[in-house]
2 protein chains.
Amino acid sequence: MPSPADRIDERADPPLPGRQREARANDTAVLAAAREVFAAQGHGASMADVARHAGVGVGSVYRRYPTKEALVEALRVHGVREAARLAAEVADEFAAPEQAADGAVGAFLTRQITGATGPILRPTGATGPLPKDLADATAELHAGLERLIAHDRAAGLLPSGFTTADVMQLLLHLRPTLPFPRAEADALHLRYLRLVLAGLRARAREDVGLGDGPSWDEWVGAWHD
Amino acid sequence: MPSPADRIDERADPPLPGRQREARANDTAVLAAAREVFAAQGHGASMADVARHAGVGVGSVYRRYPTKEALVEALRVHGVREAARLAAEVADEFAAPEQAADGAVGAFLTRQITGATGPILRPTGATGPLPKDLADATAELHAGLERLIAHDRAAGLLPSGFTTADVMQLLLHLRPTLPFPRAEADALHLRYLRLVLAGLRARAREDVGLGDGPSWDEWVGAWHD
DNA sequence: ATCGGAACGGAATCACCGTTCCGATTCACC
DNA sequence: GGTGAATCGGAACGGTGATTCCGTTCCGAT
């Protein structure tokens, strides 16, 4: 299912002179390596490790990402962009009358869990205000999630009080690191996703609301400062 | 609600001569400090921090816990013991005919989430074989969970295929670190717990099993080596 | 009052990691 | 083939944190 846009670097293809081509190639290699290494060892992995995995020297990593945090931040943006794209994709599919039993939100979460790319989507702690690219990607994601929720609510699959922030929280909840190989871990995560979805449908059916959760802005805001 | 056994050190009371009394007192202070500090700053907190919080020198910390990992390990054992005690407690309560709507498992998870003590109950990564005290505490916990599940299954609250390992996984799922003050974070976690419980009940009612998950031994084993 | 040893606190040590710096390399262009 | 600029790779620097070491303090016994 890898869409053509699955590469980590999404800028326009290179009409670039030779030397800069290598630079850019390295850039994407670094990003990909960072994703792998951080996914495997947590954010505590060393820059040297990332560089080694990317097959470049540490110097080259630092030329493009002035700081470790900048690198992590780039990955975060990538993750949010990816999620936003997935949300939009699913929303488009569900715009057609045909509809899977899980609902659009369920489909989104399912694919997000099994999606090949790293688990990065979780800010570490206190960062600065909130950089522009992240803000943009976040807004896009929000829009996508709104569509998903609107669809499922219309289909009577969601209880009242369920918001976009809930989807984000579920994303967090649904993917704790498990000491199992990828496939098994995914299976376990999906097992729980199904449970949650069943819970949502039950609540919706019985018309029991969820009560208030944070708003999108509260949720996003809480992660940044 | 703090039971008399809430102190972090549970050994027999000291018939001990003066100097050793201080030693033991320091020991418990260190453990308590470690729990606070690690809970607040994550396992990345420094030993110096722990020592400072405990009001002792680093040397004293190292006399009792030869290594940072040993200290973390001690906390882990404490956490499992505590969970085991809670499980047994809840199982006892539910042995009486009166029963809360959430079921015994729900009650256990609820209290585990809101229980004041740290979130530590999550092995970091690859450790050695599995030390005796941990093994013992783990066995005790397992027994308690079995009782909880037996109770709820008899009450028709759980679908087939739901196991003790599932409870452990839920514990993991249910408590990701959230950037909110404790009370709010707990509220969000409980919100999610209610959803999961509703899902379980729905599955049970509709008689839809969960499919196979890992056994207790597989689960425990996966965390240790 | 003095002595021996257990326990203490914190300075010194050592390894690791983020970051900086610089000489070597490579490529585009002459 | 030669030259300069853009890149590289990786050694060196500085800081942080785990761990070790040791002089000091305190208690209980003589």
Side-chain angles (χ1 to χ4, degrees), chain A residues 9 11 14-76 124-128, chain B residues 9 11 14-76 124-128:
Chain A
D9 182 3
R11 282 166 296 195
L16 286 169
R19 200 59 213 268
Q20 292 191 24
R21 179 196 305 271
E22 177 186 348
R24 176 151 307 177
N26 273 353
D27 189 358
T28 80
V30 167
L31 229 31
R35 197 167 59 180
E36 283 172 29
V37 172
F38 286 145
Q41 312 182 26
H43 289 193
S46 77
M47 291 297 265
D49 249 24
V50 173
R52 201 169 326 117
H53 258 71
V56 302
V58 271
S60 302
V61 175
Y62 273 90
R63 189 152 341 89
R64 309 178 193 300
Y65 302 96
T67 219
K68 185 180 188 175
E69 186 166 345
L71 177 55
V72 170
E73 165 76 18
L75 285 178
R76 195 178 350 284
T124 34
T127 341
Chain B
D9 183 4
R11 282 165 297 192
L16 287 169
R19 201 58 213 270
Q20 293 191 23
R21 179 197 305 272
E22 178 186 348
R24 176 152 308 177
N26 272 353
D27 190 358
T28 80
V30 167
L31 231 30
R35 196 168 58 181
E36 283 173 29
V37 172
F38 287 144
Q41 311 181 27
H43 289 195
S46 77
M47 292 297 263
D49 248 24
V50 172
R52 202 172 321 119
H53 258 72
V56 303
V58 271
S60 302
V61 175
Y62 272 90
R63 192 154 337 90
R64 309 177 193 301
Y65 303 96
T67 217
K68 185 180 189 175
E69 185 167 344
L71 177 55
V72 170
E73 166 76 17
L75 285 178
R76 191 174 359 278
T124 32
T127 340

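Chain letters run A, B, ... following the sequence lines, proteins first, then strands; residues in each count from 1. The figures that follow rest on heavy atoms only: side chains count, while hydrogens, waters and symmetry mates do not. Treat the numbers as computed from the prediction; the structure is a model and nothing was measured.
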List for me each residue that meets side chain to side chain donor-acceptor pair (under 3.5 Å) alongside B/Tyr62, sequence neighbours excluded, and say none if there are none.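 For B/Tyr62 there are no side chain to side chain donor-acceptor pair (under 3.5 Å) partners, ignoring immediate neighbours.
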Any residue meeting side chain to side chain donor-acceptor pair (under 3.5 Å) with A/Arg63, in chain and number order, not counting sequence neighbours: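 With neighbours one apart ignored, the set is empty.
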For a quick test of reading the model, state the closest non-hydrogen atom pair linking [X] to [Y] and the distance between them.
X       : Y       : result
A/Arg64 : A/Pro66 : O-CD, 3.7 Å
B/Val30 : B/Ala54 : CA-CB, 3.9 Å
B/Thr67 : B/Ala70 : CG2-N, 2.9 Å

Between [X] and [N], does any side-chain N or O lie under 4.0 Å from OP1 or OP2?
X       : N      : answer
A/Ser60 : D/dT7  : no
B/Thr67 : D/dT19 : yes
A/Arg64 : D/dC8  : yes

Please give, in whole Å, the distance from [N] [atom2] to [X] [atom1]?
X       : N      : atom1 : atom2 : value
A/Tyr65 : C/dT19 : OH    : P     : 15 Å
B/Arg63 : D/dC26 : CZ    : P     : 15 Å
B/Lys68 : C/dC16 : NZ    : P     : 15 Å
B/Glu69 : D/dG17 : CD    : P     : 19 Å

Does anything in residues 41-54 of chain A form a salt bridge (charged side-chain N to carboxylate O under 4.0 Å, His left out)? List the pairs, not counting sequence neighbours. A/Asp49-A/Arg52
Give every residue pair that meets the salt bridge (charged side-chain N to carboxylate O under 4.0 Å, His left out) criterion with at least one member in residues 36-45 of chain B, sequence neighbours excluded. none
Side chain to side chain contact (heavy atoms under 4.5 Å, CB included) with A/Val37: of A/Met47, A/His53, A/His43, only one passes, and it is A/His53
Quick check: on DNA chain C, is the nucleotide nearest A/Gly44 upstream (toward 5') of the one nearest A/Gly59, or the reverse? Name the residue that is more 5'.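 Mapping each residue to its closest nucleotide by heavy atoms, the 5'-most match is A/Gly44.
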Can you pull out the residues from residues 46-58 of chain B that lie within a 4.0 Å heavy-atom distance of DNA chain C? B/Gly55, B/Val56, B/Gly57, B/Val58
Chi angles and distances behind the side chain to side chain contact (heavy atoms under 4.5 Å, CB included) call for B/Val58, B/Val50: CA-CA 8 Å; B/Val58 271; B/Val50 172; over 6 Å; no
Just compare D/dC8, D/dA18, C/dA7 and give me whichever is closest to any side-chain atom of B/Tyr62. D/dA18
Under 3.5 Å for both distances, Watson-Crick or G-U wobble, that's the pair rule; now give the dot-bracket for DNA chain D, with | marking pairs to another strand and [ ] for crossing ones. ||||||||||||||||||||||||||||||
